[in-house]
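So the structure is just underneath, and the comments pick up after that.
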Amino acid sequence: MMALTPGAADPEDKTIEIVGAGPAGLVCAIVLAKANRRVVVREWHEDVGHRFHDDFQGLENWTAAGNVLGELAEAGGAADFDHLGVTEGVVFDSRATAHRVHGSKPLFYLLRRGNAAGTLDRALLDQARTAGVEVRFNDRVKRTAGNMILAGGPRRADIIAVGYVFDTTMADGTWLAFGAEIAPKGYAYLLVRQGRGTVASCMFSGFRDQAKYLAATVAYFERHAGLQMQRPRGFGGFGNVRLPRTAMQGRNPVIGEHAGLAGSTTWSESWDQTTRTTPWARPTGCHCLSACCCRSPDFAIATLCRIAVAATTTAIVSGASTARMK
């Protein structure tokens with residue numbers, strides 16, 4: 001969460017500074033560096049992935065006709081992080097009725113977040129450095145400058161997530177669940193892969209009772225999915241979800257969750273608007289900046305709302321490709 005003071009721009013300085021070393025900031029840096037711009041990423045924490053704990057997340061692949069890994073490649077990035085394309089899973093509606101969903105292409109790519117080898121965050125950091133980006137850690141920005149892009153993460157808590165990372169003897173699987181008793185106005189999920197798992201409740205209200213909802217989520221998946229946890233390690237986090245009127249904060253473009261967007265499509269449109277109104281941000285000959293957001297590993301909230309409706313209708317059968325999971 002940042003509150004930056006506007007500062008004076010140096011018209012002779014052609015360096016582009018990016019505030020924040022999350023996926024949005026690093027992919028943006030990679031794109032600009034490969035277009036022969038000098039880029040400096042400034043991160044006030046000591047490493048990448050500080051908000052995560054080697055937990056599983058999903059890189060969504062359902063909101064566009066193309067493939068998100070192809071978009072990353074077009075932007076100049078590479079999928080050299082550990083990932084798995086997931087084509088099926090189970091969605092529980094608010095009545096705990098199970099609906100098996102399937103996609104002809106991956107619904108999402110299962111990956112890990114944090115600073116360990118093989119995580120999305122570590123891979124993007126390595127790619128940025130290879131592209132010539134200078135990344136400065138323990139460097140807290142207090143004043144904005146002219147050629148600066150703000151990618152500092154969520155600025156308020158509209159949604160919180162609490163859960164566990166654990167070891168398990170369960171078979172691999174993906175489960176998504178809705179219900180006010182486990183995640184008020186939100187969703188809960190269980191992701192298991194090769195003896196490791198992540199379970200969490202993501203809620204839009206009831207934050208003070210988060211411990212109660214997490215306990216209810218664990219009990220829910222024990223009952224409905226056979227959840228078995230060994231050595232559970234707790235984690236928590238927050239995010240904001242809003243539709244901004246502009247992709248600018250003062251004179252500076254904002255991207256990723258700093259812009260208030262947890263999804264991908266609206267952000268891509270915002271980035272296009274940013275590069276039209278901020279010429280210094282668009283490198284000559286580069287036409288792929290809409291991919292700079294590197295689709296958020298969080299759920300696209302609007303899509304989740306459609307799942308909740310579809311799960312109670314025959315659309316869950318005829319339109320399974322619209323029911324996606326984290």
Side-chain angles (χ1 to χ4, degrees), residues 9-10 12-43 47-49 59-61 64 66-83 109 111 113 115 117-137 139 141 144-153 247-248 252-259 261 264-265 267-297:
D10 179 358
E12 300 303 320
D13 186 3
K14 302 301 182 182
T15 299
I16 296 178
E17 293 185 322
I18 299 176
V19 182
L26 289 174
V27 174
C28 183
I30 293 168
V31 171
L32 293 170
K34 290 195 173 185
N36 298 317
R37 299 303 297 270
R38 182 172 185 273
V39 185
V40 175
V41 174
R42 302 175 63 181
E43 169 60 54
D47 204 350
V48 292
L59 188 62
E60 67 90 5
N61 194 50
N67 187 287
V68 63
L69 298 184
E71 293 181 11
L72 182 60
E74 290 175 4
D80 57 356
F81 43 86
D82 296 341
H83 64 278
Y109 289 95
L111 49 79
R113 298 294 308 277
N115 59 15
T119 60
L120 172 69
D121 308 86
R122 177 61 59 188
L124 291 178
L125 173 63
D126 292 343
Q127 291 179 43
R129 285 173 164 165
T130 299
V133 176
E134 179 184 351
V135 183
R136 301 174 183 170
F137 290 106
D139 183 8
V141 176
T144 59
N147 294 358
M148 185 174 280
I149 297 172
L150 308 182
M248 304 293 291
N252 301 101
V254 288
I255 65 175
E257 285 191 272
H258 194 126
L261 297 168
S264 59
T265 302
W267 155 233
S268 297
E269 295 170 354
S270 297
W271 178 250
D272 285 337
Q273 177 185 354
T274 299
T275 55
R276 285 196 301 270
T277 57
T278 314
W280 54 261
R282 182 182 291 278
T284 302
C286 180
H287 304 287
C288 57
L289 287 181
S290 63
C292 284
C293 60
C294 182
R295 294 190 196 181
S296 168

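These figures come from a predicted structure and were not determined experimentally.
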Any side-chain heavy atom of [X] within less than 4.5 Å of one from [Y]?
X: Asn61; Y: Asn67; answer: yes
X: Asp121; Y: Asn115; answer: no
X: Leu125; Y: Val41; answer: no

Taking side-chain contact (heavy atoms from CB on, under 4.5 Å) as the definition, give me every residue that meets it alongside Ala78, ordered by chain and number, with sequence neighbours left out. Asp80, Gln127
Kindly write out the residues that satisfy side chain to side chain donor-acceptor pair (under 3.5 Å) with Asp126, not counting sequence neighbours, or none if the list is empty. none
Which heavy atom in [X] sits nearest to a heavy atom in [Y], and how many Å separate them?
X: Ala33; Y: Val39; value: N-CG2, 3.9 Å
X: Leu26; Y: Ala128; value: CD2-CB, 4.1 Å
X: Leu72; Y: Ala79; value: CD2-N, 4.2 Å
X: Ala123; Y: Phe81; value: CB-CB, 3.7 Å
X: Ala24; Y: Ile255; value: O-CD1, 3.6 Å
X: Pro23; Y: Leu120; value: CG-CD2, 4.0 Å

Taking only residues two or more places apart in sequence or in another chain, which ones pass salt bridge (Lys or Arg N to Asp or Glu O under 4.0 Å) with [X]?
X: Arg42; value: Glu17, Asp139
X: Arg136; value: Glu134
X: Asp47; value: Arg122

Rounded distance (nearest 0.5 Å) linking atom [atom1] of [X] with atom [atom2] of [Y]:
X: Thr144; Y: Asn252; atom1: OG1; atom2: CG; answer: 4.5 Å
X: Thr119; Y: Leu124; atom1: OG1; atom2: CG; answer: 8.5 Å
X: Lys34; Y: Asn36; atom1: NZ; atom2: CG; answer: 11.5 Å
X: Ile18; Y: Leu32; atom1: CD1; atom2: CG; answer: 5.5 Å

Glu43 vs Val48, test: side chain to side chain contact (heavy atoms under 4.5 Å, CB included). Steps then yes/no. CA-CA 8 Å; Glu43 169 60 54; Val48 292; over 6 Å; no
